[in-house]
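Data first, discussion second: the structure below is written as structure tokens.
All residue numbers in this chain count up from 1 along the given sequence. Everything quoted here is computed from the prediction, not taken from an experiment.
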Amino acid sequence: MSARKPTRSACFQPDNYSDPELFANRTDLLEDLTSTLESFLSPGAPGSGRILVRGHRGVGKSILTRAALDRVVETLGPLAITVDAARTGHGPDAFLRHLAADLAREALQHTTDQELIKSAELLQRFAQTSKLTVKQVKQWSSSLKVDATAKSRFLDTVQFEFGMTRASGRSRSVEESFERAVDADFLRDLLQEFLRDARKAGQHIVLFLDNLDQVGYGEVEDDIQRVSNLARHLFGLDDVVVLANLRSEFVSSDLRKLYSIEKIVPGLAPAELALIAEKRIAQAGETQRQALAQAGFSAIIEQLSHWTDNAWSLLSWLACFDYLSMDFAPSDARALRGALLDFAERRYAGLSRHELELLGPVYKNDKHKFVTQVELDTHGVTQELLGRAIRFGALVPDVLLSPDRYMLSPVLHFLTVTGA
């Protein structure tokens, strides 16, 4: 066929999972997760629990969890706080600061309990600074009319920490110039006391921790441990339902001890992947849709949907073809794979086409399996190449479970295709 370059529609947007209408309708999974949340939040339920939703990148963990949470909020009315680690920046301090600020803001919008309102206003201010003096806290307390008779656990903790008189009779003498770092540990303590006050006031709360793994870098062992440490802080919170999303390669035996329920989100079937792609195309303008149709994108989608079970991978591939001139038939699997190799060479700068080709055959029987250094070595993947593949994101090390096992990046799944 003659070369044709489709009009740039940018309709595939692989990193956009915010709109449920652009994703597959996974009814059974949605009903199951909704039912689990209801078991913690219905009248008479404990109002406290720890739920982990895990799966590989791009299988729909976030959008599934958001949909279940929306249902529960609509029917049972808990206070729902969502913090996306992909947007907070790296490290527990940044994450907890966002969490404290969002929790305070939501409480101020929905609670009528006057003491909880004062606590929320104070928590909001703590979330916005990294260091505080006694003088500053006294000024804030005065402006908010927080007095020594406060029965709030949160306010009591603040008053004790900064040497202010409290109803309980405990005392701590400190200078007004005394400065306290508002670090992750202190924020976590403040959050716990605030949550206890909220439950005492009859308010159910769900903390949804989205993309929890992204507070660290997947290829750096210290940062992966940081993810585990943050999960330990957050799953340890009481008087709240903690709901978190995490990529499977971050789940260790130690982490499993922190939560009571685990929901695994499997990959998507070819028909589900095709539906997602078709919905994205439907969002484009008429001219763009015609250009995609003329370029044979329905045939491309049909072929590629059988090469992965990962929506992020599929949409990344389609976004690549959306901007490429195509001088081959969409049904030509070998040509499609070759075009994706061109794309991978650009995406994974520092890895040659030949080096990328060495990775695929190791995984051809199972796109998601972990392999050892020995297996990689038998396919010509040297230690030096292994290091570069991890650095550029082509391989993900499962360092929490074993330091010598690796997984292929989902966007490189096409390398496992046989007969190409």
Side-chain angles (χ1 to χ4, degrees), residues 20 25-55 61-83 96 99-100 102-121 123 150-157 168 187-210 212 231-246 255-265:
N25 181 17
R26 311 183 80 178
T27 306
D28 291 343
L29 286 170
L30 180 56
E31 293 290 347
D32 179 50
L33 184 54
T34 302
S35 176
T36 299
L37 285 169
E38 290 173 344
S39 71
F40 289 107
L41 297 166
S42 297
S48 181
R50 298 157 187 83
I51 306 167
L52 182 75
V53 178
R54 73 172 178 89
K61 300 184 299 296
S62 293
I63 203 160
L64 174 71
T65 308
R66 288 174 189 270
L69 191 55
D70 286 346
R71 283 190 176 189
V72 171
V73 168
E74 183 177 351
T75 57
L76 298 176
L79 196 63
I81 315 301
T82 298
V83 181
L96 287 166
L99 178 55
D102 291 350
L103 176 58
R105 185 183 63 251
E106 289 297 311
L108 287 170
Q109 291 177 0
H110 294 93
T111 188
T112 58
D113 185 285
Q114 291 305 305
E115 206 158 69
L116 197 59
I117 289 173
K118 291 179 182 180
S119 296
E121 290 177 338
L123 178 61
K151 297 178 182 178
S152 159
R153 292 282 299 263
F154 173 84
L155 295 174
D156 188 62
T157 297
S168 63
L187 280 170
R188 195 265 185 193
D189 291 343
L190 291 178
L191 282 167
Q192 179 61 84
E193 299 302 352
F194 185 86
L195 291 168
R196 284 176 180 163
D197 287 342
R199 285 292 295 119
K200 185 179 177 182
Q203 178 67 68
H204 280 307
I205 296 178
V206 181
L207 300 182
F208 174 33
L209 317 174
D210 200 9
L212 189 59
R232 188 172 292 107
H233 273 297
L234 297 170
F235 279 118
L237 292 171
D238 295 323
D239 301 290
V240 65
V241 176
V242 182
L243 176 64
N245 282 349
L246 194 64
L255 192 61
R256 284 194 171 95
K257 299 173 184 177
L258 303 177
Y259 51 86
S260 54
I261 293 179
E262 177 179 86
K263 300 294 182 181
I264 300 174
V265 181

How many angstroms lie between atom [atom1] of [X] and atom [atom2] of [Y], to the nearest 0.5 angstrom?
X    : Y    : atom1 : atom2 : answer
S119 : R196 : OG    : CZ    : 14.0 Å
F40  : S35  : CZ    : OG    : 10.5 Å
E262 : L246 : CD    : CG    : 9.5 Å
L52  : K61  : CG    : NZ    : 10.0 Å
T75  : L37  : OG1   : CG    : 9.5 Å
L116 : R199 : CG    : CZ    : 12.0 Å

Given the rule in the side-chain contact (heavy atoms from CB on, under 4.5 Å) test, do R71 and L30 qualify, once you have shown the distances and angles that lead to the verdict? CA-CA 10 Å; R71 283 190 176 189; L30 180 56; 3.4 Å; yes
I need the minimum non-hydrogen distance between [X] and [Y], along with the two atoms involved.
X    : Y    : answer
P46  : S39  : CD-O, 3.8 Å
R26  : L64  : O-CD1, 4.3 Å
L258 : F235 : O-CB, 3.6 Å
P78  : V73  : CD-CA, 3.7 Å
Q203 : L79  : NE2-N, 3.4 Å
I205 : L195 : CD1-CD2, 3.8 Å

Heavy-atom distance under 4.5 Å between the side chains of [X] and [Y], does that happen here?
X    : Y    : result
R54  : V265 : no
D189 : E193 : no
L209 : L243 : no
L191 : L103 : yes
I81  : V206 : no
L234 : L212 : yes
H204 : V241 : no
F208 : T65  : yes

Presence of salt bridge, [Y] and [X], under 4.0 angstrom:
X    : Y    : answer
E115 : K118 : no
D239 : K200 : no
R105 : D102 : yes

Mark yes or no for whether [X], through its side chain, and [Y], through its backbone, hold a donor-acceptor pair below 3.5 Å.
X    : Y    : value
R188 : H233 : yes
Q192 : D238 : yes
S260 : R50  : yes
T157 : R153 : yes
S42  : A45  : no

Flag if over 12 foreign heavy atoms under 6.0 Å of CD, E74: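 12 or below, so no.
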With T82, the side-chain contact (heavy atoms from CB on, under 4.5 Å) member among L207, L69, L99: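 Running side-chain contact (heavy atoms from CB on, under 4.5 Å) over L207, L69, L99 with T82 returns exactly one hit, L69.
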Does the plane of the ring in F194 sit parallel, tilted or perpendicular to the ring in F154? Use 30° and 60° as the thresholds.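 Aromatic pair F194/F154 classed perpendicular.
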Working for salt bridge (Lys or Arg N to Asp or Glu O under 4.0 Å), residues D210 and R66: CA-CA 9 Å; D210 200 9; R66 288 174 189 270; 2.9 Å; yes
